[in-house]
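Taking it in order: structure first as structure tokens, then the write-up.
The figures that follow rest on heavy atoms only: side chains count, while hydrogens, waters and symmetry mates do not. Start at 1 and go down the list; that is how both ligands and their atoms are numbered.
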Amino acid sequence: MYTQDIIKMIKTNYPDQKEFHQAVQEVLVSLEPVIAKDKKYQDNAILQRMVMPDREIAFRVDWMNDEGEVQANTGYRIEFNSAIGPYKGGLRFHPSVNSGIIKFLGFEQVFKNSLTTLALGGAKGGSDFDPKGKSDAEVMRFCQAFMNELYRHIGACTDVPAGDIGVGAREIGYLFGQYKKLTNRFDGVLTGKGLTWGGSLARPEATGYGCVYFAQEMLKERGESLSGKICTVSGSGNVAIYTVEKLYHLDAIPVSVSDSKGTIHDKNGIDLDLLKEIKEKRRESLEEYAKIKSDCKYIKISDYQEGTHPVWSIPCFAAFPSATENELNLYDAKTLLQNGCKCVSEGANMPSTIEAIELFLKSKICYGPGKAANAGGVAVSGLEMAQNASMYSWDFESVDKKLHSIMESIFVKSSETAKEFGDPTNLVLGSNIAGFRKIADAMIDQGI
Ligand code: NDP
């Protein structure tokens, strides 16, 4: 079969890129019905072309630490597909970054951006640089060195990077400052900018808020709501914090957050102000949260049973994985379902393993795959680009309203497509096919 041949080709050609194989397999298997239905996709070799990035850029980043020692990291920008708009996607700074991770994220981004209803192609980038424990001056020097190469490849109508793990407002500021020095241009070339210099209101909140709006839509269709319900959230970065905030707006009770060192279970509800203080201002570990709020439970990662993530053992009505890829496996999925979980809405990219997803789909709970559920961040980045292009800025309520309406339309489109293909609750199939058709048709229109 055509899709299986492509998956095999990817595994043979890039044997070490496990996360990329996983992302391709998840998408291609769900595209089988549309490939079988419409011969034009195979005739135009669309799948072979979609799994290959338009361009892969890797470069060395030389910078100096506070001790005066020269350091070298690797930087990446993978421009995956520009059939429906300029390349768009975040930059990740984390020691685990390699070309396979950036490729899986870029591939996912293509489909996600297509679903937003905006004209955005897909890309991703980053570096194996670890901002943790670095001084502001070190982060600044690294960002400047990274931009010394990246500036050649980006532009407001070409490629517009944003943040991701390890890249927040501070890093975007330093990157933008260096771009401006190198080019003498004040362009909307990055999103997630500061509010006084081109950023959009509601961009920091967008991914978390959007992920909760998506859960709300899935539940509404079944006559359910989040009000009064216990929810679990993993991660404690940008996505997790604003997921917790929106859950409170909807009268839900978010009881957990986690980081790379451990998990907090605060059964009366996470103290959002304290969480923001520790993570956004002090940039400390959640151990500090547990020290201050002595009535909560803190489980250290070193005490976890191997192969499990304690955050998913907390009974909940809805779960919001918002940390990183493959943070929820089959064991965790079984535990969630046994404890009565009715909804999983993914804030992170590819947080659930293929086996966990299969179980969620089989159980017919509300399952919102990351591509659809976390598209709010890039959607508001698209709105930031629109505001920059018109040299005008919208108020918080207007952006939030647009975000809400985009999340509703992503749900409707994914759900309608799932129904069209005879599997009404399967939003993996629905979102992948809906995202795919728009890009594939544009590629065919534009020729080879
Ligand atoms: P942040 O850097 O702000 O936060 C990441 C959080 O996840 C931190 O709490 C971090 O813990 C934790 N984490 C990261 N890696 C691991 C790991 N290997 N094991 C356990 N915990 C880990 O990133 P974001 O909140 O921006 O991103 C979170 C996820 O959401 C990612 O998958 C990202 O790709 C996705 N995403 C983000 C968007 C955005 O707008 N920011 C948009 C769409 C998706 P610690 O602090 O200890 O490192």
Side-chain angles (χ1 to χ4, degrees), residues 19 23 88-97 101-102 104-109 111-113 115-116 120 122 124-126 130-133 161-172 191-192 200 202-211 214 233-244 256-264 270 275-276 278-280 282-289 299-302 304 309-312 320-329 345-352 368-382 384 403 407:
E19 291 83 5
K88 178 92 199 92
L91 298 172
R92 174 177 290 193
F93 291 169
H94 193 273
S96 63
V97 163
I101 294 275
I102 300 297
F104 115 68
L105 289 164
F107 182 72
E108 294 271 300
Q109 196 79 43
F111 292 82
K112 181 191 308 194
N113 293 5
L115 283 171
T116 62
L120 300 170
K124 202 83 187 186
D130 187 358
K132 237 181 254 171
D164 190 76
I165 291 180
V167 179
R170 173 182 62 170
E171 290 75 16
I172 294 290
T191 57
S200 174
R203 175 60 189 92
E205 292 82 355
T207 309
Y209 279 22
C211 187
F214 196 83
V233 179
S234 66
S236 51
N238 171 263
V239 178
I241 289 173
Y242 292 97
T243 297
V244 168
S256 72
V257 280
S258 65
D259 65 14
S260 51
K261 289 199 177 138
T263 294
I264 292 283
I270 291 294
L275 177 66
K276 284 186 178 178
I278 288 170
K279 284 294 176 181
E280 290 187 328
R282 286 156 52 180
R283 297 176 189 272
E284 284 174 343
S285 126
L286 286 173
E287 259 171 325
E288 295 306 307
Y289 181 106
I299 312 157
K300 271 193 190 165
I301 205 157
S302 49
Y304 294 6
H309 302 93
V311 65
W312 310 129
F320 296 83
S322 310
T324 193
E325 56 273 5
N326 291 328
E327 54 163 314
L328 196 164
N329 60 24
S345 190
E346 296 182 339
N349 283 311
M350 208 168 76
S352 307
K371 264 184 234 88
N374 72 34
V378 72
V380 173
S381 278
E384 184 172 323
L403 165 66
M407 296 315 295

Heavy atom of protein closer than 4.0 angstrom to atom 35 (C) of ligand 1: yes
Ligand-side contact atoms (ligand 1) for residue partner G166, heavy atom cut-off under 4.0 Å: 2 (O)
Ligand 1 versus S258: contacting region, heavy-atom distance under 4.0 Å: backbone
Ligand-side contact atoms (ligand 1) for residue partner S322, heavy atom cut-off under 4.0 Å: 28 (C), 29 (C)
Inter-residue atom distance N238.CG - T207.OG1, 0.5 Å rounding: 6.0 Å
Nearest option to atom 28 (C) of ligand 1, as decided by whichever heavy atom of G237, G235, A323 sits closest: A323
Which segment of E327 sits under 4.0 Å of ligand 1 when only heavy atoms are counted: neither
Mode of E325 contact toward ligand 1 - side chain, backbone, both, neither (heavy atoms, under 4.0 Å): neither
Contact check, G347 vs ligand 1, heavy-atom distance below 4.0 Å: yes
Closest to atom 25 (O) of ligand 1 (judged by heavy-atom distance), picking from D259, T324, T243, V239: V239
Closest to atom 46 (O) of ligand 1 (judged by heavy-atom distance), picking from H309, E280, K279: K279
Structural part of E346 in contact with ligand 1, heavy atom criterion under 4.0 angstrom: neither
